[in-house]
Amino acid sequence: MSENEKILNEEEYTPELIELEDEDGNTVNFEIIDGMEFEGSNYFALIPYTEDEDAETEDDEFVILKETEKDGESYLATIDSDEEYDRIGKAFLERFSMIFDGEEEE
């Protein structure tokens with residue numbers, strides 16, 4: 001094992017988590033997997049978070065939320081426009097594809 005591999009194995013990954021409330025008032029934990037500025041707004045891709053690594057999750061499903069400001073405070077909101085959601089979703093998928101394709105080549 002190279003020194004770099006040893007260092008990477010010793011570092012512990014800490015996910016960036018956020019608690020969100022669903023329509024029923026339940027609190028759900030999400031991991032922020034990416035964020036980007038797109039067409040003048042900030043968007044974040046999130047996946048449901050569980051500490052149980054064996055729990056079944058849909059690898060290809062993620063939620064996109066838009067950073068919005070109200071009364072001087074920033075918060076994440078759902079995207080009401082299907083067209084806007086489709087555009088940013090496509091941008092995230094292209095970005096993920098570039099990231100993962102790049103890792104496979106190394």
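- Taking Ile, Leu, Val, Met, Phe, Trp and Tyr as members and joining any whose side-chain heavy atoms lie under 4.5 Å apart, directly or through other members, the hydrophobic cluster of L17 also contains Y49.
- Note that OH of Y43 is 12.0 Å distant from CG of L76, once rounded to the nearest 0.5 Å.
- The heavy-atom pair separating L46 from I18 by the smallest distance is CD2-CG2, 3.4 Å.
- With rounding to the nearest 0.5 angstrom, the CD atom of E31 is 9.0 Å from the CD atom of E16.
- Partners of D86 under the salt bridge (charged side-chain N to carboxylate O under 4.0 Å, His left out) rule, at least two apart in sequence or in another chain, do not exist in this structure.
- Hydrophobic clustering of Ile, Leu, Val, Met, Phe, Trp and Tyr side chains at less than 4.5 Å, counting indirect connections, unites I47 with M36.
- With sequence neighbours left out, the ring-ring contact (aromatic ring centres under 6.0 Å, His included) criterion links F96 to F62, F92.
- Listed by chain and number, the residues in a side chain to side chain donor-acceptor pair (under 3.5 Å) with E39 are R87 (sequence neighbours excluded).
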Going by atom type alone, with no hydrogens or angles, which donor-acceptor pairs under 3.5 Å involve a side-chain atom of residues 63-74 and a protein atom two or more places apart or on another chain?
unit_1, atom_1, unit_2, atom_2, d
K66, NZ, E84, OE2, 3.0
E67, OE1, N42, ND2, 2.8
T68, OG1, K66, O, 3.4

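- Nearest approach of F38 to A91, heavy atoms of both residues: CE1-CB, 3.6 Å.
- Residues passing the side chain to side chain donor-acceptor pair (under 3.5 Å) test with N29, sequence neighbours excluded: none.
- With sequence neighbours left out, D24 forms a side-chain contact (heavy atoms from CB on, under 4.5 Å) with D22, N26.
- Annotation: the span from S41 atom OG to I79 atom CD1 amounts to 9.0 Å, rounded to 0.5 Å.
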